[in-house]
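The structure under discussion appears below in the form of structure tokens.
Remember, it's a predicted structure, so these values are computed and weren't measured experimentally.
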Amino acid sequence: MDREQCIAMDVADPLRHLRDWFELPEGVVYLDGNSLGPLSVGARRRVQALLDHEWGERLVAGWEECGWFEAASRVGERIAGLVGAGPGQVVAADTTSVNLFKLATAGLRLSGRPLVLTEEGNFPTDLYVLDAVARGAGPGHAVRRVPVGGALEALDGRVGLLALSHVDYRTGSLHDMAAVTAAAHDAGALVLWDLCHSVGAVPIDLDGCRVDLAVGCTYKYLNGGPGSPAFLYVARGLQPHLESPIPGWFSHANPLSFASTYAPAADARRFLTGTSGIVGLAALEGALEMWDEVSIQQVREKSLALSRLMMELVDERCAGSGLEVASPREDSRRGSQVSLRHPRAGQLVKPLAERGVVADFRPPDLVRCGLAAPYIGYADIWDAVEVLQAALGAVAGVLDTTTE
């Protein structure tokens with residue numbers, strides 16, 4: 001494979017037009033969309049309309065005239081199409097951490113069991129939140145942490161809630177959602193999935209996998225912007241049986257009644273809290289317009305091709321450098337990133353960025369490369385590996401000088 005072949009693949013790519021949706025700096029290969037997606041023209045257009053007309057001219061009338069009251073549900077329904085969820089099960093609101101706390105608390109209460117089961121390698125904030133949920137549940141409740149891949153063996157009659165990340169944030173390793181969910185149900189536990197590193201990158205079928213609960217962010221592969229509203233999913237059959245630990249007026253069955261007694265909404269809106277952040281929802285709503293032009297399956301097929309190309313080029317061009325692929329080689333076990341392990345990984349990210357390749361570092365030894373198919377091309381991957389090869393040489397030179 002050479003660069004000319006990569007360029008030819010870009011020319012033949014049926015998704016090449018999607019790059020026009022994004023405002024990317026000239027000369028930059030952006031491999032950090034798994035941390036923060038770039039600004040989209042849809043987000044800019046939608047926020048501008050909000051500022052110029054809805055908020056700028058209609059003021060408080062925007063709540064009714066411009067659909068602000070329904071924004072959390074309306075945007076949630078757009079996301080629902082990307083996660084395999086039927087109507088009334090997804091809302092966009094709050095942050096991933098707040099949503100995780102709400103759903104984990106409600107799920108553990110409903111289970112009637114004392115343990116939350118998760119993996120030691122889960123995202124740190126998820127671990128913090130789950131620990132807080134267990135403490136708040138009272139004496140006898142606890143979080144059981146097991147090594148990555150060990151959750152199924154640890155399921156027993158004391159586990160009330162299994163909480164996992166669908167895609168590992170460090171290596172990109174992908175869980176088999178259907179198999180894990182079924183095993184948890186067989187053990188009598190509820191399942192809560194964190195979709196932050198899979199939504200917008202990997203096909204998800206929450207309803208088909210009979211998932212109970214899920215949360216996710218929207219600033220990565222959905223490109224909603226820094227701190228954009230998160231989302232949550234509650235399976236329809238569970239909704240009447242779950243109680244949010246943070247009820248608010250937006251979760252009331254009739255918010256504008258201003259009733260002094262609480263009655264929860266009939267669907268996933270019962271897990272809303274206070275007033276929706278309309279500017280953030282507008283940016284996210286605009287960013288999601290791109291999905292009218294492409295299916296998640298098309299995006300997945302291209303992202304797998306990109307990651308296979310990157311691993312092949314790293315194997316060929318970086319051999320003997322101490323760099324190795326840390327992500328699973330099998331397509332079915334990998335999300336939309338390629339993580340590279342190197343003992344001096346933290347020193348590689350800066351020279352990469354100086355040469356126009358933006359990736360990120362995760363301690364102690366990983367360089368993460370997010371491969372967002374809508375705006376990353378095959379020639380981008382070739383260029384990124386070429387720059388990586390040069391950066392490895394620079395780091396080795398520093399090491400040699402220091403050693404002398």
Pair Phe258 + Trp249: ring centers closer than 6.0 Å: yes
Just checking, any donor-acceptor pair under 3.5 angstrom between side chains of Arg334 and Ser307? yes
The salt bridge (Lys or Arg N to Asp or Glu O under 4.0 Å) partners of Arg333 (sequence neighbours excluded) come to Glu330
Would you check if there is a donor-acceptor pair between the side chains of Thr125 and Ser97 at a distance under 3.5 Å? no
Can a donor-acceptor pair be found between the side chains of Tyr221 and Ser198 at a distance below 3.5 Å? no
Under the 3.5 angstrom rule, does the side chain of Ser165 hit a backbone N or O of Asp168 as a donor-acceptor pair? no
Between Gln48 and Arg45: side-chain donor-acceptor atoms closer than 3.5 Å: no
Can we say Arg270 and Asp267 salt-bridge, meaning some charged N sits less than 4.0 Å from an Asp/Glu carboxylate O? no
Within the 3.5 Å criterion, strictly below it, is a donor on Arg300 or Ser336 matched to an acceptor on the partner's side chain? no
Tell me yes or no: between the side chains of Tyr233 and Asp207, is some donor less than 3.5 Å from an acceptor? yes
Scan for salt bridge (Lys or Arg N to Asp or Glu O under 4.0 Å) pairs involving residues 20-38, sequence neighbours excluded, and state none if there are none. Glu23-Arg44
Quick test of your reading of the model: are Lys302 and Asp13 salt-bridged, counting only N-O distances below 4.0 Å? yes
Lys/Arg cation over aromatic Trp68: Arg74, 6.0 Å, 45° cone: no
Over all atoms of both residues, closest heavy-atom pair of Leu115 and Arg144: CD1-NH2, 3.1 Å
Quick one: are Leu232 and Val90 in side-chain contact, heavy atoms under 4.5 Å? no
If we count only N and O atoms by modelled type, under 3.5 Å, do the side chains of Glu301 and Ser303 hold a donor and an acceptor together? no
